[in-house]
Participant: 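Can you keep this structure in mind? I'll have questions shortly.
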Amino acid sequence: MDLGIKGKIAVVTACSSGLGNAVAHALAAEGAKLVLFARSEDVLRKTAADIESRHHVQALAVAGDMRSEADVKRMVAAMQEKFGAPDILVLSTGRPPIPMREVLDETDAARWEEAYRVQLWGAVLVTRNIVPLMLPRGWGRVISITSATVKQPMIKHGLSTVFRAGVTAYMKHLANEVAARGITVNTVCPASIATANLTSSYDMTERAKRIPLRRVGRPEELAATVTFLASEQAGFITGASLHVDGGMVASLY
Ligand SMILES: NC(=O)c1ccc[n+]([C@@H]2O[C@H](COP(=O)([O-])OP(=O)(O)OC[C@H]3O[C@@H](n4cnc5c(N)ncnc54)[C@H](OP(=O)(O)O)[C@@H]3O)[C@@H](O)[C@H]2O)c1
């Protein structure tokens, strides 16, 4: 199926590894031009070179921190100089502070502040600098990667649930505000997708036992979902939160 995004300009944040990286490759495989944003400059440059050689599209690497508006504005300026206005924005973010704790044990204000800035504020900063540039075209796709913990709070995930629920609320407001301008806004809620960081922190065999499909997910599976939401065909889906979790979330919706 032609997803209708060949030649579109896609910004992917937090993409030097893990889910963001898989999404960048998946969008490039569909012919999108990529703007890659994360802090690790060397890794990001290698990712851009890899994307260009594997998928034969242009990729621009801009090293920066999502928590810094100056860095975000620098990324946007570099994008405009090389490609022009964006069509697709995929927001992945850094993880909440490690180790994760029960909420009554979260007594350190600095951890709350960090969890807020890395998961919610960074996403807001990027969104408010990118989405206004989509408005004149009357077409856009915004997809934010949150967590299945917004649907079913997981033990010791309070610093994720609280702020990702905030991201979900922000994205729902945005979806309502920009729908009439041809821009869709959705969130995807992963659980137990086997990125390198997750497999090094958790026992994946134990994880798989709690998942109805009896296995963990692959980053490519999450990336395929995001890529579909970025497609022409997904144009009637907006304001949705879709879990990609092997059936782990036990609720009806
Ligand atoms: N994997 C799962 O099953 C799962 C489940 C639920 C939620 N999530 C969430 O999904 C997100 C991605 O997960 P992942 O497994 O792909 O994590 P990951 O492999 O740790 O990747 C995180 C990425 O975020 C970037 N990053 C961190 N802080 C940043 C900042 N301040 N500015 C810009 N980039 C930043 C990192 O690159 P640099 O260090 O180069 O900046 C890295 O590329 C995380 O928020 C995670 O908590 C994942």
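Side chains are part of it too, since the values below use all heavy atoms of this structure and drop only hydrogens, waters and symmetry mates. If you're wondering where the values come from, they're calculated on a predicted model, not measured in any experiment.
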Participant: Hey, mind stepping through Asp50 and His55 against side-chain contact (heavy atoms from CB on, under 4.5 Å) and telling me if it holds?
Facilitator: CA-CA 8 Å; Asp50 192 25; His55 307 296; over 6 Å; no
Participant: Looking only at heavy atoms, which two atoms of Val57 and Glu52 are closest? And how far apart?
Facilitator: O-CG, 3.1 Å
Participant: Under 30°, 30 to 60°, or over 60°: which ring-plane class applies to Phe163 and Trp112, parallel, tilted or perpendicular?
Facilitator: perpendicular
Participant: Minimum heavy-atom separation for Ala208 to Arg215, with atom names?
Facilitator: CB-CA, 3.8 Å
Participant: CZ of Arg111: more than 12 outside heavy atoms within 6.0 angstrom?
Facilitator: yes
Participant: How close do Ala230 and Leu27 get, counting heavy atoms only, and between which atoms?
Facilitator: CB-CD2, 4.1 Å
Participant: Could you tell me whether the side chain of Glu30 and the main chain of Asp2 form a donor-acceptor pair under 3.5 Å?
Facilitator: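 Checking the backbone N and O of Asp2 against the side chain of Glu30, no donor-acceptor pair under 3.5 Å is found.
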Participant: Short question: side chain of Arg95, backbone of Ser160 - any donor-acceptor pair under 3.5 Å?
Facilitator: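 The answer is no, because no donor-acceptor pair under 3.5 Å joins these two groups.
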Participant: Please check if the side chain of Asn186 supplies one atom and the backbone of Gly239 the other of a donor-acceptor pair under 3.5 Å.
Facilitator: yes
Participant: When you measure from the side chain of Ser16 to the backbone N and O of Asn21, does any donor-acceptor pair fall under 3.5 Å?
Facilitator: no
Participant: Taking atom CD1 of Ile5 and atom OG1 of Thr227, what is their separation to the nearest 0.5 Å?
Facilitator: 6.0 Å
Participant: Would you say the side-chain atoms of Gln119 pair up with the backbone N or O of Leu159, donor to acceptor, closer than 3.5 Å?
Facilitator: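 Yes, Gln119 side chain to Leu159 backbone: donor-acceptor pair under 3.5 Å.
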Participant: With no hydrogens and no angle check, do the side chains of Glu69 and Trp121 hold a donor and an acceptor under 3.5 Å apart?
Facilitator: no
Participant: Can you list every salt bridge (Lys or Arg N to Asp or Glu O under 4.0 Å) pair that touches residues 163-180, not counting sequence neighbours?
Facilitator: none
Participant: Check the surroundings of atom CZ in Arg137: do more than 12 heavy atoms from other residues, nucleotides or ligands lie under 6.0 Å from it?
Facilitator: yes
Participant: Using atom types as modelled and distance alone, determine if a side-chain donor or acceptor of Glu41 lies under 3.5 Å from a backbone N or O of Ala63.
Facilitator: no
Participant: Does the His157 side chain pair with the main chain of Ile155, one donor and one acceptor, at a distance under 3.5 Å?
Facilitator: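 A pair under 3.5 Å: yes.
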Participant: For the residue pair Ala48 and Ala59, what are the closest heavy atoms and their distance?
Facilitator: O-CB, 3.8 Å
Participant: Grab the two heavy atoms, one from Thr199 and one from Met204, that are nearest each other, plus how far apart they are.
Facilitator: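 Shortest heavy-atom separation between Thr199 and Met204 comes out as CG2-CG, 3.7 Å.
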Participant: So for atom CG, which belongs to Leu104, do other residues, nucleotides or ligands contribute more than 12 heavy atoms lying within a distance under 6.0 Å?
Facilitator: no
Participant: Hydrophobic clusters join Ile, Leu, Val, Met, Phe, Trp and Tyr when side-chain heavy atoms are under 4.5 Å apart, directly or via other members; which others share one with Val249?
Facilitator: Met154, Met248
Participant: To the nearest 0.5 Å, what is the distance between CE on Met79 and CG on Leu36?
Facilitator: 12.5 Å
Participant: As an exercise, state the distance from CG of Leu19 to CD of Glu221, rounded to the nearest 0.5 Å.
Facilitator: 11.5 Å
Participant: Just by distance, do the side chain of Lys151 and the backbone of Ser241 share a donor-acceptor pair under 3.5 Å?
Facilitator: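 Yes; at least one donor-acceptor contact below 3.5 Å.
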Participant: Look up atom CD1 in Ile9 and atom CG in Leu34, then write down how far apart they are to the nearest 0.5 Å.
Facilitator: 10.5 Å
Participant: Are Val131 and Met75 in one and the same hydrophobic cluster, where Ile, Leu, Val, Met, Phe, Trp and Tyr link if side-chain heavy atoms are under 4.5 Å apart?
Facilitator: yes
Participant: Tell me whether Lys82 at atom NZ has more than 12 heavy atoms from other residues, nucleotides or ligands lying less than 6.0 Å away.
Facilitator: yes
Participant: Tell me the closest heavy-atom pair linking Val62 and Phe37, and the distance in Å.
Facilitator: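 Smallest heavy-atom distance, with atoms named: O-CD1, 3.1 Å.
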Participant: Answer yes or no: is there an ion pair linking Arg45 with Asp42, defined by an N-O contact shorter than 4.0 Å?
Facilitator: no
Participant: To the nearest 0.5 Å, how far apart are OG1 in Thr238 and CG in Leu229?
Facilitator: 9.5 Å
Participant: Taking side chain to side chain contact (heavy atoms under 4.5 Å, CB included) as the criterion, tell me which of Ile145, Leu242, Val226, Thr225 meets it with Pro190.
Facilitator: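 Checked Ile145, Leu242, Val226, Thr225 against Pro190; only one passes side chain to side chain contact (heavy atoms under 4.5 Å, CB included): Ile145.
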Participant: Keeping Asp245 on the side-chain end and Ala191 on the backbone end, is there a donor-acceptor pair under 3.5 Å?
Facilitator: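 Flag not set: sc Asp245 to bb Ala191 has no pair under 3.5 Å.
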Participant: Checking salt bridge (charged side-chain N to carboxylate O under 4.0 Å, His left out) for the pair Glu114/Arg67: CA distance, chi angles, key distance, verdict?
Facilitator: CA-CA 10 Å; Glu114 172 58 12; Arg67 298 166 298 181; 3.1 Å; yes
Participant: Are a donor atom and an acceptor atom from the side chains of Thr149 and Thr161 found within less than 3.5 Å of each other?
Facilitator: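 There is such a pair between these side chains.
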